[in-house]
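Per chain, numbering begins at 1; letters A, B, ... match sequence-line order.
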Amino acid sequence: MHPLTPLLLPPSSENLLLQQAQRLAGFSLGELAAIAGLQIPKDLKRDKGWIGMLLELWLGASAGSKPEQDFAALGVELKTIPVDRQGKPLETTFVCVAPLTGNTGVTWETSHVRHKLKRVLWVPVEGERQIPLADRRVGAPLLWSPNDDEEHQLRLDWEELMDMIVLGQVERITARHGEVLQLRPKAANSKALTEAIGAQGEPILTLPRGFYLKKNFTGALLARHFLLKT
DNA sequence: GGCTGATCATGT
DNA sequence: ACATGATCAGCC
């Protein structure tokens with residue numbers, strides 16, 4: 001009998017979701033894995049998504065592979081984010097795959113990026129590699145929606161990147177484009193190919209890409225919560 | 001291959 | 001030290 005137990009079903013309200021996430025704060029990944037009866041890998045080299053899946057289990061998200069929000073009924077996306085001892089992000093945050101074709105008529109308002117980021121439950125987790133995986137602790141969660149400034153930043157970057165994609169410039173995009181949102185490879189390896197638009201408007205094959213939030217953006221939203229919240 | 005979950009590891 | 005480009009695993 002343990003006082004803390006994973007949710008077996010998706011929580012029926014945002015408040016219940018947040019409450020469960022708040023209960024996990026301070027526990028180590030080893031403790032949460034043990035209670036849930038999960039084996040813990042020695043590191044994340046071959047289990048990069050393990051922490052995300054552990055938190056999905058604890059919070060009652062329908063696990064894994066659906067192109068929907070993690071809590072579809074609540075319209076909430078779950079993101080675990082590795083942080084250093086100061087609470088600053090150690091990695092960028094994957095948002096969604098970038099559509100490289102069929103983009104006629106797509107706008108920021110109808111974009112997958114905007115939909116995914118409309119409401120996010122951020123769960124910081126200690127991520128320094130010197131800390132054994134089992135000893136890393138879960139931090140206090142943050143239920144977030146972009147404010148007007150954040151949405152504006154995201155929209156500007158998204159529009160710049162999508163313009164380049166539509167105009168056949170995808171292979172000229174690097175991770176340096178975008179102030180808060182970047183486009184980077186998102187694939188099994190560098191040999192994976194997908195269809196895109198070439199410089200002359202012709203179909204080409206290129207590496208699949210994903211949209212990622214840069215650390216300045218996620219760092220600022222975490223800081224706003226943990227430093228400026230009353 | 002394309003989607004989910006991300007972090008690794010090398011170059012600068 | 002750090003961000004970019006590359007990569008890992010499972011499901012369909």
Side-chain angles (χ1 to χ4, degrees), chain A residues 6 10 21 29 32-33 36 38-72 76-86 88-103 111-113 115-117 120-134 136 138 157 161 165 170-196 203-220:
Chain A
L29 300 181
L32 296 179
L38 285 189
Q39 290 295 311
I40 189 163
K42 71 173 192 297
D43 58 46
L44 297 178
K45 285 183 185 177
R46 296 195 166 268
D47 295 272
K48 296 183 178 181
W50 186 82
I51 298 176
M53 294 175 66
L54 176 69
L55 271 294
E56 284 183 348
L57 185 158
W58 271 95
L59 297 174
S62 35
S65 59
K66 296 189 308 262
E68 284 195 334
Q69 286 156 319
D70 296 290
F71 303 94
V76 174
E77 176 76 9
L78 172 65
K79 288 291 180 194
T80 61
I81 183 166
V83 295
D84 66 16
R85 63 192 57 207
Q86 303 173 52
K88 292 169 48 179
L90 288 164
E91 293 285 351
T92 58
T93 300
F94 174 70
V95 180
C96 61
V97 169
L100 303 185
T101 60
N103 283 310
S111 69
H112 289 159
V113 171
H115 184 245
K116 281 270 185 179
L117 297 180
V120 178
L121 180 66
W122 296 98
V123 181
V125 177
E126 288 180 327
E128 288 172 333
R129 292 194 212 179
Q130 63 186 266
I131 308 175
L133 188 55
R136 297 183 194 176
V138 175
D157 284 349
L161 295 166
I165 288 170
V170 63
E171 295 192 319
R172 297 182 60 171
I173 299 174
T174 75
R176 282 153 283 243
H177 287 87
E179 297 293 322
V180 299
L181 187 72
Q182 63 183 178
L183 195 77
R184 304 220 309 277
K186 168 66 172 174
N189 54 58
S190 60
K191 293 157 203 149
L193 293 174
T194 192
E195 188 175 313
I204 62 169
L205 290 177
T206 193
L207 213 49
R209 314 299 164 98
F211 287 108
Y212 294 80
L213 297 176
K214 292 189 172 186
K215 291 195 285 184
N216 60 344
F217 185 83
T218 51

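- Between K191(A) atom NZ and dG5(C) atom P the separation is 19 Å, expressed in whole Å.
- If you take CG of L207(A) and P of dG1(B), they are 11 Å apart, rounded to a whole angstrom.
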Passes side chain to side chain contact (heavy atoms under 4.5 Å, CB included), E171(A) versus I204(A)? Steps please. CA-CA 10 Å; E171(A) 295 192 319; I204(A) 62 169; 4.0 Å; yes
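- Summarising the geometry, atom CG belonging to L183(A) is positioned 11.0 Å from atom CG belonging to D157(A); distances are rounded to the nearest 0.5 Å.
- L57(A) has its CG atom 20 Å from the P atom of dT4(B), to the nearest Å.
- If you find the closest nucleotide of DNA chain B to V97(A) and to A187(A), the one lying nearer the 5' end belongs to V97(A).
- Taken residue by residue, residues 41-51 of chain A places heavy atoms nearer than 4.0 Å to DNA chain C at K45(A), R46(A), K48(A).
- Dashed line: the shortest gap from a side-chain N or O of T80(A) to OP1 or OP2 of dG5(B) is not under 4.0 Å.
- Within the helix from dG1(B)-dC12(C) to dT12(B)-dA1(C), the inter-axis angle between the opening and closing five-pair segments is 30°, rounded to 10°.
- Note on E195(A): nothing from the nucleic acid sits closer than 4.0 angstrom, heavy atoms only.
- In this structure, CG of L133(A) is placed 19 Å from P of dC8(C), rounded to the nearest angstrom.
- In this model, a side-chain donor or acceptor of K186(A) finds a partner on the base of dG5(B) within 3.5 Å.
- In terms of phosphate contacts, T93(A) brings no side-chain nitrogen or oxygen within less than 4.0 Å of OP1 or OP2 of dA6(B).
- Side-chain atoms of Y212(A) stay outside donor-acceptor range of the base of dA3(C), with no qualifying N/O pair under 3.5 Å.
- Within the 4.0 angstrom heavy-atom criterion, no nucleotide atom of any strand lies near L90(A).
- Taken from CD in Q69(A) to CG in L117(A), the straight-line distance is 10.0 Å, to the nearest 0.5 Å.
- Atom NE2 of H112(A) is separated from atom P of dT4(B) by 9 Å (rounded to the nearest Å).
- Here the side chain of F94(A) is nearest to one of dA6(B), dG1(B), dG5(C), namely dA6(B).
- In this structure, R85(A) CZ and I131(A) CD1 are separated by 6.5 Å, a value rounded to the nearest 0.5 Å.
- Note: CG (L121(A)) to C1' (dG5(B)) measures 15 Å, nearest angstrom.
- In this structure, L59(A) and D70(A) have side chains that are not in contact, with every pair of non-hydrogen atoms separated by 4.5 Å or more.
- Closest approach to the K79(A) side chain among dT7(C), dT4(C), dG5(B) is made by dG5(B) (side chain taken as heavy atoms from C-beta onward).
- If you check every strand for non-hydrogen atoms under 4.0 Å, R176(A) touches sugar and phosphate atoms only.
- At least one side-chain heavy atom of W122(A) sits under 4.5 Å from a side-chain heavy atom of T93(A).
- Put simply, CG on L59(A) is 19 Å from P on dT4(B), counting in whole angstrom units.
- The shortest distance between the side-chain N/O atoms of Q182(A) and the OP1/OP2 oxygens of dT4(C) is below 4.0 Å.
- Taking 4.0 angstrom as the limit, R209(A) places none of its side-chain polar atoms (N or O) nearer than this to OP1 or OP2 of dG5(C).
- Of the possible donor and acceptor atoms, none in the side chain of R136(A) sits under 3.5 Å from a partner among the backbone N and O of V125(A).
- Remark: K214(A) NZ to E179(A) CD distance equals 6.5 Å, nearest 0.5 Å.
- Of the residues near DNA chain C, H177(A) and A188(A), the one whose nearest nucleotide (by heavy atom distance) lies more toward the 5' end is H177(A).
- Atom CD of E128(A) has more than 12 heavy atoms from other residues, nucleotides or ligands within 6.0 Å.
- A straight line from CG of L213(A) to P of dG5(B) spans 13 Å, rounded to a whole angstrom.
- Listed nucleotides dA3(C), dA9(B), dT4(C) differ in distance to K215(A); the shortest reach to its side chain belongs to dA3(C).
- Side-chain nitrogen and oxygen atoms of R184(A) include none within less than 4.0 Å of the OP1 or OP2 phosphate oxygen of dA6(C).
- Summarising the local packing, NE2 of H112(A) is surrounded by 12 or fewer heavy atoms from other residues, nucleotides or ligands at distances under 6.0 Å.
- Residues passing the ring pair (Phe, Tyr, Trp, His ring centres under 6.0 Å) test with F94(A) are Y212(A), sequence neighbours excluded.
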